[in-house]
Engineer: 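Following this message is one structure expressed as structure tokens.
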Amino acid sequence: MFCLYEADGEYFDISDPAHIVRDSFTIGREAQEAPGYYVGEGCIGCKLCYSVCPQKCIDITKKPVVIDQHHCLHCGQCAKICPKQAIEKRV
């Protein structure tokens with residue numbers, strides 16, 4: 001038997017390959033911001049990021065656009081195509 005006092009982790013639900021779910025968890029301490037790709041204020045709303053996202057998990061109705069971290073695969077395609085380099089990876 002063992003006891004976890006502190007831990008961080010993440011899990012994937014791949015039961016529907018067209019709609020993969022990703023989530024993080026923390027045990028024993030305050031939850032931190034989830035790692036992943038985030039859109040900054042430099043976003044011009046061009047929607048190129050959405051066009052290359054395999055999960056289509058970017059809400060393009062807002063400006064700056066918002067990436068749904070629960071469905072993001074962290075592939076980085078959005079950051080590569082952004083003409084303003086407004087998308088950054090946080091670890």
Side-chain angles (χ1 to χ4, degrees):
M1 187 161 121
F2 63 92
C3 183
L4 291 176
Y5 294 100
E6 290 185 357
D8 293 316
E10 60 184 9
Y11 66 89
F12 294 87
D13 177 357
I14 58 173
S15 58
D16 178 3
H19 196 68
I20 295 172
V21 175
R22 166 194 215 116
D23 208 352
S24 301
F25 63 89
T26 303
I27 299 171
R29 59 181 161 217
E30 188 175 319
Q32 299 174 347
E33 184 177 67
Y37 288 88
Y38 290 86
V39 183
E41 292 301 316
C43 174
I44 58 172
C46 69
K47 303 175 181 73
L48 286 173
C49 53
Y50 183 83
S51 71
V52 297
C53 179
Q55 288 294 103
K56 301 300 184 208
C57 65
I58 302 173
D59 182 355
I60 56 175
T61 63
K62 301 174 183 171
K63 187 176 165 196
V65 298
V66 177
I67 300 171
D68 181 350
Q69 297 302 316
H70 296 291
H71 298 289
C72 180
L73 298 177
H74 297 186
C75 68
Q77 295 303 310
C78 56
K80 289 178 187 173
I81 202 166
C82 181
K84 294 295 183 177
Q85 299 176 329
I87 302 174
E88 68 174 344
K89 183 175 184 174
R90 296 183 191 161
V91 288

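In this text the structure is predicted, and so the values were computed from the model without any measurement. The first residue in the sequence is number 1, and the count goes up from there.
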Engineer: Under 3.5 Å, sequence neighbours excluded: what are the donor-acceptor pairs made by side chains of residues 43-55?
Structural biologist:
residue, atom, partner, partner atom, Å
Ser51, OG, Leu48, O, 2.6
Gln55, NE2, Ile20, O, 3.3

Engineer: What's the separation between atom OH in Tyr38 and atom NZ in Lys89, rounded to the nearest 0.5 Å?
Structural biologist: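 It is 12.0 Å, given to the nearest 0.5 Å.
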Engineer: Please name the pair of heavy atoms, one in Glu41 and one in Pro64, separated by the smallest distance, quoted to 0.1 Å.
Structural biologist: OE2-CG, 4.0 Å
Engineer: Who pairs with Glu6 by salt bridge (Lys or Arg N to Asp or Glu O under 4.0 Å), at least two apart in sequence or on another chain?
Structural biologist: Arg29
Engineer: Would you say the side chain of Val39 lies within less than 4.5 Å of the side chain of Ile58, judging by non-hydrogen atoms?
Structural biologist: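 When only atoms from C-beta onward are counted, Val39 and Ile58 do not touch, as no gap falls below 4.5 Å.
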Engineer: Once side-chain contact (heavy atoms from CB on, under 4.5 Å) is applied, do any residues pair with Lys62, and if so which ones, sequence neighbours excluded?
Structural biologist: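 Testing Lys62 for side-chain contact (heavy atoms from CB on, under 4.5 Å), a comparison that skips the adjacent residues, returns Asp59, Val66.
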Engineer: If you link ILVMFWY side chains whenever their heavy atoms are less than 4.5 Å apart, which other residues fall into the same cluster as Met1? By chain and number, please.
Structural biologist: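 For Met1, no cluster forms, as it stays isolated from other hydrophobic side chains.
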Engineer: Under 3.5 Å, which donor-acceptor pairs link side chains of residues 72-83 to any protein atom two or more places apart or in another chain?
Structural biologist:
residue, atom, partner, partner atom, Å
His74, ND1, Arg22, NH2, 3.2
His74, NE2, Pro35, O, 3.3

Engineer: Tell me, please, which residues at least two apart from His70 pass ring-ring contact (aromatic ring centres under 6.0 Å, His included).
Structural biologist: none
Engineer: Which other residues belong to the hydrophobic cluster containing Phe2, where Ile, Leu, Val, Met, Phe, Trp and Tyr are joined when side-chain heavy atoms lie under 4.5 Å apart, directly or via other members?
Structural biologist: Leu4, Tyr11, Phe25, Ile27
Engineer: When you measure from the side chain of Glu88 to the backbone N and O of Gly36, does any donor-acceptor pair fall under 3.5 Å?
Structural biologist: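 Side chain of Glu88 to backbone of Gly36, a donor-acceptor pair under 3.5 Å: no, none is there.
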Engineer: Find the distance between CD1 (Ile14) and NE2 (His19) and round it off to the nearest 0.5 Å.
Structural biologist: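 Ile14 CD1 to His19 NE2: 14.5 Å, rounded to 0.5 Å.
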Engineer: Give the other cluster members for Tyr5, using side-chain heavy-atom distances under 4.5 Å between Ile, Leu, Val, Met, Phe, Trp and Tyr residues; answer none if it is isolated.
Structural biologist: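 Reading the cluster by chain and number, Tyr5 sits alone, since nothing else belongs.
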Engineer: Can you list everything that forms a side-chain hydrogen bond (donor to acceptor under 3.5 Å, both in side chains) with Asp68? Sequence neighbours excluded, please.
Structural biologist: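 Listed in chain order: nothing, the list is empty.
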